[in-house]
Every structure is written in C-alpha cells, then in structure tokens.
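Values below: all heavy atoms of this structure, side chains included; hydrogens, waters and symmetry mates excluded. Along the sequence shown, residues carry numbers from 1.
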Amino acid sequence: QTVSLQITGNTINVIAALFGPAKVWDEAKIAPAPDYADRKNWAAYPGENDLAQMVPEGLQSTEDGKAVDVFFIHPTGYMSGASWNSPMNASSRTEENTMWMMANQASAFNGCCNVYAPRYREASIFRYLGAPEDIATKAMDFAYADVERAFDFFIEHYSNGRPFIIASHSQGTDHGFRLLKEKIDGTPLAERMVAAYLIGNRISDSKVAELKSIHVCASPTDTGCLIHWATFGDGGGPDAGAFTEKLVCVNPLSWLRDGPRAPASMHQGAVPQSGRFALALWGRGKDTPNGIEFKPLEAPLK
C-alpha cells in the first residue's frame with residue numbers, strides 16, 4: 001500500500017502558510033527521546049499482538065522465532081503543524097497512521113521474518129512542504145537520531161547475530177538510506193544484511209555510488225544489496241525541474257534492475273487496505289484520533 005501526496009506550486013505555499021509550523025526552530029516543542037528498552041516505543045515487536053502480525057485472508061499464518069529479522073522504518077504519519085517533529089502522542093491521529101502502516105506495510109514481512117518497527121519522532125509532513133532548509137535538516141536529524149538509536153538497540157539486544165532486512169517507505173527511506181551509509185556499509189553488519197527494501201523515495205545512482213560495499217540488487221537471489229523504486233501516476237515521473245538525476249529502479253515483480261516491463265501474470269495480487277490513513281493537513285495543531293478501526297486483511301485481489 002502506498003499513500004502519496006501530490007500537491008505543487010502555489011498550493012504548497014498556501015497550505016504551509018495556513019497550517020504549517022512557525023518557521024522557527026523551537027527545541028522546547030520536541031518530545032523527549034524515546035527509550036527503546038521500553039516496549040511501548042516499538043510499533044511492531046515479535047510475539048506481540050500488533051497489527052504488523054496481520055495476515056491476508058486465505059494465507060497461512062506462521063509462527064514466531066524466524067531465522068531473519070526485519071527492521072522496518074515507517075513513513076510520515078505526522079500531518080500536524082503543531083511542531084516540526086511528532087510529539088509521539090499515543091492517543092493521536094498520528095498514532096493511528098502509524099498503526100495503518102503496520103497493518104498495510106510492515107505486515108508484508110511477517111511471513112518471512114520477525115518484524116521490529118520503532119516509533120520515532122518523525123518529521124512533520126510540512127518538512128516536505130516548503131520548510132526552510134535549516135529547519136528541514138534539523139527535523140530530519142532529530143528523526144534519524146531516534147532511528148539510529150533504535151537500530152543500535154535492535155542489533156545489541158534483539159538481533160542476536162541473525163541475518164536482517166532493512167525495510168522502509170518514503171520518509172523512512174530517507175532514514176533507511178542514511179542508516180545504510182553510516183551504520184552498515186563497509187562494516188561486518190553488511191555481511192548480515194540480506195537486503196534493504198528502501199521504497200518510495202528518490203534514491204539516485206549517484207547516491208548509491210557513494211557506498212563502499214552495498215550495491216543495487218541485480219537479480220532475485222542477490223543479497224547484501226538495496227532495492228528501490230519510486231511510483232508515479234499515469235504519465236507522471238520525477239519533476240524534471242527539481243530532480244534530474246537517474247533514479248534507481250528495481251522492478252518489484254521481476255527483481256531485475258532497469259529491465260523490461262513484467263507481465264501481469266507475475267503479480268501475485270494486491271491486498272485491500274485495512275483502516276484508513278488520515279491525510280488531512282488542515283487544522284493547525286490538531287492531532288486528535290479519528291477512532292479508525294482496523295479490520296482483518298482481506299484476501300489478495302488478482
């Protein structure tokens with residue numbers, strides 16, 4: 001499942017001016033750093049009855065204790081303009097969005113792996129909507145600091161030397177690529193990494209060229225590599241005025257890089273979403289929960 005925000009030009013400026021945070025950096029509004037020894041700071045944790053354990057109707061559920069772990073970094077769910085980073089309020093629309101991501105994104109990995117997904121002080125969606133460059137950088141640095149500490153805790157206390165996968169989407173992919181570059185690439189951890197599924201952002205060939213040991217996956221059986229693709233509507237593509245570098249594209253059906261279109265017969269089916277993602281940006285500072293109900297995942301549509 002993918003949620004995309006497609007607004008451009010003057011619309012962005014109007015939305016940011018009306019509903020975004022004040023364009024000043026105020027650390028007093030930043031929540032305390034989460035303690036990852038506390039289970040409440042994990043949106044998904046093996047053995048817990050969380051939404052990342054959901055299995056589509058008709059598919060076989062599997063037991064915990066698998067040989068491989070997934071460290072899942074969720075995308076942006078904080079749509080409020082109250083501050084530049086999420087206050088991590090357990091009773092909020094942001095938390096409901098995090099739960100939506102567990103049910104509809106992280107759950108894709110529970111058939112193969114033990115799923116770990118940290119809650120973190122994610123950057124607000126307004127970081128992507130015309131935020132001053134210095135504030136945008138600070139907001140992402142705060143968010144990444146949590147992801148990094150969560151990963152360190154995962155490696156030290158949970159992983160126990162098992163192979164692992166990094167998986168992410170959108171803002172999570174920003175943090176996931178930085179994690180690869182700063183914590184995994186060229187280290188012994190790279191030898192344990194099965195692959196990094198860094199989806200839904202803009203990873204370019206030039207960025208990958210900066211890595212020492214991690215490369216783009218070139219086949220379905222390649223390991224120690226990263227997988228990336230970005231999606232656009234019919235007739236769409238990267239904004240040529242803002243982004244001209246060649247993006248990494250690994251076909252999620254054939255797992256081949258820059259190959260031909262895959263036949264529809266290779267698609268194993270799409271699962272209708274459970275619950276609803278709250279995309280509304282209006283209402284500066286409002287982050288009240290909507291009471292979203294997450295029903296069991298339906299059978300895949302083919």
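Interatomic distance, NE2 of His267 versus CG of Leu253, reported as 5.5 Å (0.5 Å rounding). Rounded to the nearest 0.5 angstrom, Asp222 CG and Arg257 CZ are separated by 11.5 Å. Of the inter-residue distances, the one linking Asp185 atom CG with Ile214 atom CD1 reads 4.5 Å to the nearest 0.5 angstrom. The CG atom of Leu189 sits 9.0 Å away from the CG atom of Leu179 when rounded to the nearest 0.5 Å. With rounding to the nearest 0.5 Å, the separation of CG in Asn85 from CD1 in Ile30 is 4.0 Å. Distance check: Met193 CE to Cys225 SG gives 7.0 Å after rounding to the nearest 0.5 Å.
Ring orientation note: the planes of Tyr120 and His175 are nearly perpendicular, at an angle over 60° on the 30°/60° scale. A parallel orientation is assigned to the rings of Tyr116 and Tyr158, their planes being inclined by less than 30° (bins at 30° and 60°).
Looking at every heavy atom in both residues, Pro220 comes nearest to Trp255 through CA-CB, 3.8 Å. Closest of all the heavy-atom pairs between Gln53 and Pro46 is NE2-CA, 4.5 Å. Taking all atoms of both residues into account, the shortest heavy-atom contact from Met79 to Ala278 is CG-O, 3.7 Å. A pairwise comparison of heavy atoms in Arg121 and Met88 identifies CG-SD, 3.6 Å as the closest pair. Here the shortest heavy-atom pairing between Cys217 and Val250 reads O-CG2, 4.0 Å. The shortest heavy-atom contact between Ala117 and Met102 is CB-SD, 3.7 Å.
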#### Entry: side chain to side chain contact (heavy atoms under 4.5 Å, CB included) between Lys183 and Glu148, intermediate numbers included
CA-CA 8 Å; Lys183 303 289 293 187; Glu148 182 183 46; 3.3 Å; yes
### Query
Would Leu297 and Glu57 satisfy side chain to side chain contact (heavy atoms under 4.5 Å, CB included), going step by step from the backbone distance to the final call?
CA-CA 6 Å; Leu297 291 173; Glu57 180 184 349; over 6 Å; no
### Derivation and outcome, side chain to side chain contact (heavy atoms under 4.5 Å, CB included), residues His228 and Phe177
CA-CA 10 Å; His228 174 74; Phe177 187 83; over 6 Å; no
### Task
Take Phe154 and Trp42 through the ring-ring contact (aromatic ring centres under 6.0 Å, His included) test and state the conclusion after the steps.
CA-CA 10 Å; Phe154 158 76; Trp42 293 89; 7.2 Å; no
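A side-chain donor-acceptor contact under 3.5 Å links Glu122 to the backbone of Tyr78. Here the side chain of Glu96 pairs a donor or acceptor atom with the backbone of Ile292 at under 3.5 angstrom. The backbone N or O of Trp84 lies less than 3.5 Å from no partner atom in the side chain of Trp25, so there is not a single donor-acceptor pair. Judged purely by atom type and a 3.5 angstrom limit, Thr98 uses its side chain to pair as donor or acceptor with the backbone of Thr94. A donor-acceptor contact shorter than 3.5 Å is absent between the side chain of Arg93 and the backbone of Asn290. Under the 3.5 Å distance criterion, the side-chain polar atoms of Asn97 are left unmatched by any main-chain donor or acceptor of Phe277. Between the side chain of Ser124 and the backbone N or O of Ser80, at least one donor-acceptor pair lies under 3.5 Å. The closest donor-acceptor contact from the side chain of Gln171 to the backbone of Ala123 lies under 3.5 Å. Between the side chain of Lys66 and the backbone N or O of Asn110 there is at least one donor-acceptor pair closer than 3.5 Å. With Ser170 contributing its side chain and Pro75 its backbone, the two residues share no donor-acceptor pair below 3.5 Å.
Linking ILVMFWY residues whenever their side-chain heavy atoms come closer than 4.5 Å, directly or via other members, places Phe72 and Val271 in the same cluster. Residues Ile227 and Leu256 fall into different hydrophobic clusters, defined by Ile, Leu, Val, Met, Phe, Trp and Tyr side chains chained together at heavy-atom separations under 4.5 Å. Following chains of ILVMFWY side-chain contacts shorter than 4.5 Å, one can reach Leu198 starting from Val194, so the two form part of one hydrophobic cluster. Both Val68 and Phe109 belong to a common hydrophobic cluster when Ile, Leu, Val, Met, Phe, Trp and Tyr are linked at side-chain heavy-atom distances under 4.5 angstrom. Val70 and Val55 fall into different hydrophobic clusters, where Ile, Leu, Val, Met, Phe, Trp and Tyr residues are linked whenever their side-chain heavy atoms come under 4.5 Å apart, directly or through other members.
Taking 4.5 Å as the limit, every side-chain heavy atom of Asp69 sits out of range of all side-chain heavy atoms of Ile165. A 4.5 Å side-chain heavy-atom check between Ile199 and Ser168 finds every atom pair outside the cut-off. Under the 4.5 Å side-chain criterion, counting only non-hydrogen atoms from C-beta, Leu51 is not in contact with Asn104. Using a 4.5 Å heavy-atom cutoff, the side chains of Leu226 and Val208 are in contact. Two residues are said to be in side-chain contact when any heavy atoms from C-beta on lie closer than 4.5 Å; Lys246 and Ser204 fail this criterion. For the pair Pro56 and Pro300, the minimum side-chain heavy-atom distance is below 4.5 Å. Within the 4.5 Å cutoff, the side chain of Glu293 has no heavy atoms near those of the Ser274 side chain. Between Lys181 and Leu211 the shortest side-chain heavy-atom distance falls below 4.5 Å.
Residues meeting the disulfide bond (SG atoms under 2.5 Å apart) test with Cys249, sequence neighbours left out: none.
When only modelled atom types and interatomic distance are considered, Arg127 and Thr76 share no side-chain donor-acceptor pair under 3.5 Å. Checking Gln105 against Trp100 by side-chain atom types alone, no donor-acceptor pair falls below 3.5 Å.
Between Glu95 and Arg119 there is a salt bridge, with a side-chain nitrogen of the basic residue lying less than 4.0 Å from a carboxylate oxygen of the acidic one. With respect to the salt-bridge test (charged N to carboxylate O, under 4.0 angstrom), the residues Glu48 and Arg39 qualify.
Under the 6.0 Å distance and 45° angle rule, Arg178 counts as a cation-pi partner of Tyr144. Under a cutoff of 6.0 Å and an axis angle of 45°, Arg149 and Tyr36 do not form a cation-pi pair.
Applying the side chain to side chain contact (heavy atoms under 4.5 Å, CB included) test between Pro118 and each of Phe71, Phe151, Tyr45 identifies Phe71 as the sole match.
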